[in-house]
Asks: 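Sharing a structure below in structure tokens format, with a few things to ask.
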There are 2 protein chains.
Amino acid sequence: MVTTEESGSRARTRQAILQAAIEVLSRNPAASLAEIATAAGVGRTTLHRYFAERSDLLAGVVAEGVTRLNRATRRARLDSGSGAEALHRLCAEYFELGDLLSLIFADPQLVADPAWATEVCDDDFHGVVARGHADGSIDPALPSTWLQSVLWAQLYAGWSYLAEHDVSRHEVLGLVTRTVAGAVALRR
Amino acid sequence: MVTTEESGSRARTRQAILQAAIEVLSRNPAASLAEIATAAGVGRTTLHRYFAERSDLLAGVVAEGVTRLNRATRRARLDSGSGAEALHRLCAEYFELGDLLSLIFADPQLVADPAWATEVCDDDFHGVVARGHADGSIDPALPSTWLQSVLWAQLYAGWSYLAEHDVSRHEVLGLVTRTVAGAVALRR
DNA sequence: CCGCAATGGAACATCACTGTTCCACTACGG
DNA sequence: CCGTAGTGGAACAGTGATGTTCCATTGCGG
């Protein structure tokens with residue numbers, strides 16, 4: 001660790017604020033700091049103690065997002081099975097990111113943050129697609145960058161579908177993976 | 001017509017403002033009115049003459065969006081061919097909506113506008129899917145509401161892909177339709 | 001040429017959000 | 001029991017967006 005450790009209390013408050021920020025900003029990227037503080041069950045003053053300026057909070061959210069995303073990618077164990085199978089697992093793991101998915105879509109310029117480009121391991125994804133192209137489980141006519149767009153769009157569709165319709169999380173995940181699988185598969 | 005006709009000049013300015021609003025808001029839903037006015041090549045004062053408050057402008061944008069959407073739906077001639085074929089044409093027509101697609105995604109609460117629910121003909125879409133379920137061209141495991149989410153998500157993916165990568169409009173439309181076709185098709 | 005429609009710019013009050021300071025309160029360990 | 005860390009609330013000035021008013025300019029038809 002380069003930075004000094006925080007007390008348990010501070011670390012907990014910090015996480016509460018980040019979590020609240022993700023939830024609130026995913027619904028409204030222009031939300032005020034007061035809204036976020038309230039959602040975190042914290043005074044606005046306290047929020048400013050942890051993140052002096054709005055941009056600091058946003059940077060914190062990006063960092064937290066990158067961390068969660070990388071954890072999910074690791075959990076997907078992309079190096080085993082066919083390309084399509086790995087993609088299927090990745091889909092399921094990313095789906096669990098929940099609000100973060102909405103946030104990524106609601107505020108694309110957050111993803112434009114330099115930290116995102118440098119710390120998120122896109123290469124793993126492209127590797128999976130290349131493997132899928134080679135082993136015949138992924139349509140070679142669909143480039144890797146396009147499939148990345150498709151995957152995210154589909155995940156977002158699933159998450160917002162979950163919010164709007166009265167269906168179970170599991171059921172929606174089934175729809176998402178089935179749809180992605182169909183979109184990706186080689187045509188006869 | 002219930003409302004009084006406007007002079008040619010006024011109608012043109014009004015359209016310029018609405019078009020600029022769609023373009024600017026699709027990139028940043030929190031854009032200021034000054035930005036929109038500048039993009040429209042119009043003074044802020046003039047903008048206020050056409051739309052007294054911000055909410056009036058947003059209502060105008062929604063109305064314009066509904067109009068364009070309905071025109072596109074009509075152009076798709078949903079009543080001919082198989083369900084999947086009709087969906088394919090709808091996809092192509094909606095893709096031409098361009099910025100409007102981004103706007104619908106960038107500001108979902110705009111679509112929550114009551115005018116949207118009442119004036120957009122969702123029934124036509126559900127009819128197409130039902131036909132596709134019946135004629136075997138659309139997987140019956142995928143409900144109509146879900147396919148609606150999928151279609152929009154895919155269109156948005158295509159449009160943002162176009163903005164980020166150096167590919168032709170036509171090429172992207174090909175990717176979108178191919179992907180949607182695969183996602184929708186019945187599994188073997 | 002006159003008058004009207006349409007416009008742009010300047011100036012203004014208002015408002016919400018922001019970032020900051022200061023003070024009071026609570027909890028917890030020594 | 002005392003001191004400190006963590007916190008919340010009130011108050012404040014600065015800033016930018018908003019909505020309004022007023023005036024000057026342009027262009028076009030009668």
Side-chain angles (χ1 to χ4, degrees), chain A residues 1 3-64 103 106-107 109-110 113, chain B residues 1 3-64 103 106-110 112-113:
Chain A
M1 269 290 186
T3 62
T4 318
E5 284 291 338
E6 285 186 321
S7 82
S9 167
R10 278 192 71 85
R12 236 173 306 126
T13 308
R14 190 186 167 84
Q15 274 308 112
I17 292 174
L18 284 175
Q19 178 57 37
I22 291 176
E23 287 172 12
V24 172
L25 292 177
S26 71
R27 266 175 257 122
N28 171 24
S32 72
L33 298 182
E35 272 180 85
I36 296 174
T38 303
V42 137
R44 196 165 66 90
T45 310
T46 300
L47 192 153
H48 273 103
R49 269 194 203 96
Y50 286 80
F51 304 95
E53 300 187 3
R54 179 177 245 269
S55 60
D56 295 324
L57 176 58
L58 296 185
V61 166
V62 168
E64 175 69 17
L103 181 55
D107 197 348
Q109 93 186 86
L110 216 68
D113 187 292
Chain B
M1 268 289 188
T3 60
T4 319
E5 283 293 337
E6 284 185 323
S7 83
S9 167
R10 277 192 71 86
R12 236 174 306 127
T13 308
R14 190 186 166 84
Q15 274 309 114
I17 293 174
L18 285 176
Q19 179 56 37
I22 291 176
E23 286 171 12
V24 172
L25 292 177
S26 71
R27 266 176 258 124
N28 171 24
S32 72
L33 298 182
E35 273 179 85
I36 297 174
T38 302
V42 138
R44 197 166 65 92
T45 310
T46 301
L47 192 154
H48 273 102
R49 272 194 201 95
Y50 286 81
F51 304 95
E53 300 186 3
R54 179 178 244 270
S55 60
D56 294 324
L57 176 58
L58 296 185
V61 167
V62 168
E64 176 69 16
L103 182 55
D107 196 347
Q109 94 186 82
L110 216 69
D113 187 293

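Lettering of chains follows the sequences in order, A, B, ..., and the numbering in each one begins at 1.
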Asks: Atom CZ of A:Arg12 to atom P of C:dC28: distance rounded to whole Å?
Replies: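 Whole-Å distance recorded here is 11 Å.
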Asks: Under 4.0 Å between a side-chain N/O of B:Thr13 and OP1 or OP2 of C:dT7, yes or no?
Replies: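 Checking B:Thr13 against C:dT7: at least one side-chain N or O falls below 4.0 Å of OP1 or OP2.
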Asks: Which pair of non-hydrogen atoms, one from B:Phe51 and one from B:Asp56, has the smallest distance, and what is that distance?
Replies: CD2-O, 3.6 Å
Asks: Check every strand shown and say whether A:Gly8 touches a base, only sugar-phosphate, or nothing at a heavy-atom separation below 4.0 Å.
Replies: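 Nothing, no nucleic acid heavy atom in range.
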Asks: Quick one: do the B:Gln15 and B:Gln19 side chains pair a donor with an acceptor below 3.5 Å?
Replies: no
Asks: Please find the pair of heavy atoms, one from A:Ala106 and one from A:Ser26, that lie closest to each other, and give the distance.
Replies: CB-O, 3.7 Å
Asks: Is a donor-acceptor pair below 3.5 Å formed from side chain A:Thr45 to base D:dG9, judging by atom type as modelled?
Replies: yes
Asks: Specify the separation, in whole Å, of atom CZ of B:Arg10 and atom P of D:dG27.
Replies: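 Rounded to whole Å, this separation is 19 Å.
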Asks: Please report the distance, rounded to the nearest Å, between CZ in B:Arg54 and P in D:dG16.
Replies: 17 Å
Asks: Provide, to the nearest angstrom, the distance between the CG atom belonging to A:Asn28 and the C1' atom belonging to C:dA16.
Replies: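 Going from CG in A:Asn28 over to C1' in C:dA16 covers 14 Å.
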Asks: Under the side-chain contact (heavy atoms from CB on, under 4.5 Å) rule, what do B:Thr38 and B:Val24 come out as? Steps first, then yes or no, please.
Replies: CA-CA 10 Å; B:Thr38 302; B:Val24 172; over 6 Å; no
Asks: To the nearest Å, how far apart are A:His48 NE2 and D:dA13 C1'?
Replies: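 After rounding, the gap between these two atoms is 14 Å.
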Asks: Starting at atom CD of B:Glu53, determine the distance to atom P of C:dT14, rounded to an integer number of angstrom.
Replies: 17 Å
Asks: In whole Å, what is the span from the CG atom of A:Asp56 to the P atom of C:dG19?
Replies: 8 Å
Asks: Measuring to OP1 and OP2 of D:dA5, would you say a side-chain N or O of A:Ser9 lies under 4.0 angstrom away?
Replies: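 For D:dA5, OP1/OP2 do not have a side-chain N/O of A:Ser9 under 4.0 Å.
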Asks: Please work out if A:Tyr50 contacts a base, only the sugar-phosphate, or nothing of the nucleic acid, heavy-atom cut-off 4.0 Å.
Replies: sugar-phosphate
Asks: Between D:dG19 and B:Arg44, counting only base atoms on the nucleotide and side-chain atoms on the residue, is there a donor-acceptor pair under 3.5 Å?
Replies: yes
Asks: Run the numbers on A:Leu110 and A:Val61 for side-chain contact (heavy atoms from CB on, under 4.5 Å), then give the verdict.
Replies: CA-CA 9 Å; A:Leu110 216 68; A:Val61 166; 4.1 Å; yes
Asks: More 5' along DNA chain C: B:Leu47 or A:Ala52, using each one's nearest nucleotide?
Replies: B:Leu47
Asks: Could you state the CD1-C1' distance from B:Ile17 to C:dT7, rounded to the nearest angstrom?
Replies: 11 Å
Asks: Categorize A:Arg49 for me: base, sugar-phosphate, or nothing, with a 4.0 angstrom heavy-atom threshold over every strand shown.
Replies: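 The residue A:Arg49 makes base contact.
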